[in-house]
Protein chains: 2
Amino acid sequence: MKKNGISKSVVKRLPRYYRYLGELLNAGVERISSGELSKRMNVTASQIRQDLNNFGGFGQQGYGYNVRYLREEIGKILGLTETHNMIIIGAGRIGRALANYPFDKYGFHTIGIFDRDPELKDMEVKDLHVMMNEELPSFINSHHIDIAILAIPKESATEMAPFLCENGIKAFMNFSATDLNGILPKDVIVEHVHLSESLMKLSYNLNLKKTDDDDVS
Amino acid sequence: MKKNGISKSVVKRLPRYYRYLGELLNAGVERISSGELSKRMNVTASQIRQDLNNFGGFGQQGYGYNVRYLREEIGKILGLTETHNMIIIGAGRIGRALANYPFDKYGFHTIGIFDRDPELKDMEVKDLHVMMNEELPSFINSHHIDIAILAIPKESATEMAPFLCENGIKAFMNFSATDLNGILPKDVIVEHVHLSESLMKLSYNLNLKKTDDDDVS
DNA sequence: TAGATTGTTAATCGATTAACAATC
DNA sequence: TAGATTGTTAATCGATTAACAATC
């Protein structure tokens, strides 16, 4: 197995580069130097060059980087040249909102949304109809699913995630308040979105600022 | 101004400690050692002790940490002892889903939801009625708002965020695909939730795994 | 060619882990 | 008291920044 030499910090920055390059492209900018980009993105030019050179030399001395080309290359690295099929587990407000979210723009297509509540069966969500959890195994079996989005409470998530793995799911975007620790095969990929914890970080910083301001006065 | 000596990496872990301690408390666990907690959380015991000792000595040699006490102290550090009022900008699916999200559990109360679309005016969302953006200044003025959640597209966000700052907002939870770079006062706090970029990270890792698997076969 | 800017090596900085004396 | 486990210092590791030779 090829060892993965790229650090998480670098990978986390790739989508951000991709986004800025997209904006530049839209603005009709043809080329950009690491120095210019660093100013826009509020990072060091050094970091940009280091990050990119993990994957190859995409620039040219004396010229900089071709915006379109660099964006395409980062897209390839991120796997955005292929489309990804997703299912959403949970047809509550969050699940439905995510089904309507414009992920298609980047090739992430939601092709199924599931719930356990019979009341929601067949409910129309975007261009889909809510299916029951019992239908999951056969659906997964007959479609190629890359990602399952868990839009359910943590109790359901700890139950559903292993079940989905048994049925072949290899990657999750998890909105529930659990890390799914120790209940999934080690090769399964999980991306957590802990909304409450994001608010807590905000709260911490607000609290900090308040204390600082008090010191000043 | 008291300089903030706590690193972002540490702060990011605090809500997670808080969550695990809450689970332990619910499970009736009275005390826990850094070693025990480290196993559950998949971090080193050293890191836990280092992290906590940034804020004070909450443990006791030979005993460990009292779960209830430690959780309370982390709650204080995170500012969860006070309630926070929030407004949601954007009454689309995401905005409405967030209005119904159980943030109240941690003292984050949504007291207003706004949109620019007259069609949505007065629409019922949870226990609220959608207000128009024009009403924002007077609403902010007559209520104490800690956080504004931006559940709008990036074009609207780059317009609304500075406007909200002018009207006294000091912290944002930003769901739009922009960093709001350079358009806000430096003391304003922003927490970004870039959902598309989370999917891209997933995609990167899926891509990586696929390549690795190919090497093996 | 001269100027600009990359790719890359070396230096610095910060975060994580290890170790252990203090102490409950 | 002896055993356990913290708080904290020291060592290691990794990530970021600086510097500069290569080169377009």
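Below, read A as the first sequence line, B as the second, and so on, with proteins coming before strands; counting in each chain starts at 1.
Distance, B:F58 CZ to D:dG7 P: 9 Å, rounded to whole Å. A:N54 has its CG atom 12 Å from the P atom of C:dG7, to the nearest Å. For the pair A:L52 CG and C:dG7 C1', the interatomic distance rounds to 11 Å; values are reported in whole Å. Going from atom CD of B:Q60 over to atom C1' of D:dT5 covers 10 Å, rounded to whole Å. What separates CD1 of A:I6 from P of D:dA15 is a distance of 11 Å, to the nearest Å.
Ring planes of A:F108 and A:H84: parallel class, angle under 30° (limits at 30 and 60°).
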Can you list, pair by pair, the side-chain donor-acceptor contacts under 3.5 Å of residues 18-25 of chain A, counting residues two or more places apart and other chains?
from: A:Y18; atom 1: OH; to: A:R71; atom 2: NH2; distance (Å): 3.3
from: A:R19; atom 1: NE; to: B:E197; atom 2: OE2; distance (Å): 2.4
from: A:R19; atom 1: NH1; to: B:D179; atom 2: OD1; distance (Å): 3.3
from: A:R19; atom 1: NH2; to: B:D179; atom 2: OD1; distance (Å): 2.7
from: A:R19; atom 1: NH2; to: B:H194; atom 2: NE2; distance (Å): 3.4
from: A:R19; atom 1: NH2; to: B:E197; atom 2: OE2; distance (Å): 3.2
from: A:Y20; atom 1: OH; to: B:D179; atom 2: OD2; distance (Å): 2.8
from: A:Y20; atom 1: OH; to: B:N181; atom 2: ND2; distance (Å): 2.8

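For the pair B:N54 (side chain) and B:D51 (backbone), a donor-acceptor distance under 3.5 Å is present. The backbone N or O of B:K76 lies less than 3.5 Å from no partner atom in the side chain of B:T81, so there is not a single donor-acceptor pair. Although no hydrogens or angles enter the test, the distance criterion places no donor-acceptor pair under 3.5 Å between the side chain of B:N85 and the main chain of B:D146. Proximity of a side-chain donor or acceptor of A:R96 to a complementary backbone N or O of B:R93 within less than 3.5 Å is not detected. Distance alone, capped at 3.5 Å, is enough to place a donor-acceptor pair between the A:T158 side chain and the A:K154 backbone.
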Run the ring pair (Phe, Tyr, Trp, His ring centres under 6.0 Å) test on A:Y101 and A:F103 for me, step by step, so that the C-alpha distance in whole Å, both residues' side-chain angles and the decisive distance to 0.1 Å come before the verdict.
CA-CA 6 Å; A:Y101 208 81; A:F103 294 129; 4.7 Å; yes
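Between B:Y65 and D:dG7 there is a side-chain N or O to OP1 or OP2 distance below 4.0 Å.
Contacts of B:E159 classified as salt bridge (Lys or Arg N to Asp or Glu O under 4.0 Å), with partners at least two apart in sequence or in another chain: none.
A:I94 and B:A97 get closest at one heavy-atom pair: CD1-CB, 3.9 Å. The shortest heavy-atom contact between A:C165 and A:L184 is SG-CD2, 3.7 Å.
At a threshold of 4.0 Å, the pair A:D104-A:K126 counts as salt-bridged, since one of the basic side-chain nitrogens sits closer than that to a carboxylate oxygen.
Looking at DNA chain D, the stems built from 3 or more consecutive Watson-Crick or G-U wobble pairs, each pair with its key distances under 3.5 Å, are C:3-24 with D:3-24.
Within 6.0 Å of CZ in A:R116 there are 12 or fewer heavy atoms belonging to other residues, nucleotides or ligands.
If you check residues 68-78 of chain A against DNA chain D, you find no residue with a heavy atom closer than 4.0 Å. Applying a 4.0 Å cut-off to non-hydrogen atoms, none of the residues of residues 25-40 of chain B approaches DNA chain C.
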Protein-to-nucleotide contact annotation, 5' to 3' order, nucleotides 16-21 of chain D [B base; S sugar-phosphate only; - none; under 4.0 Å, heavy atom]
SBBBB-
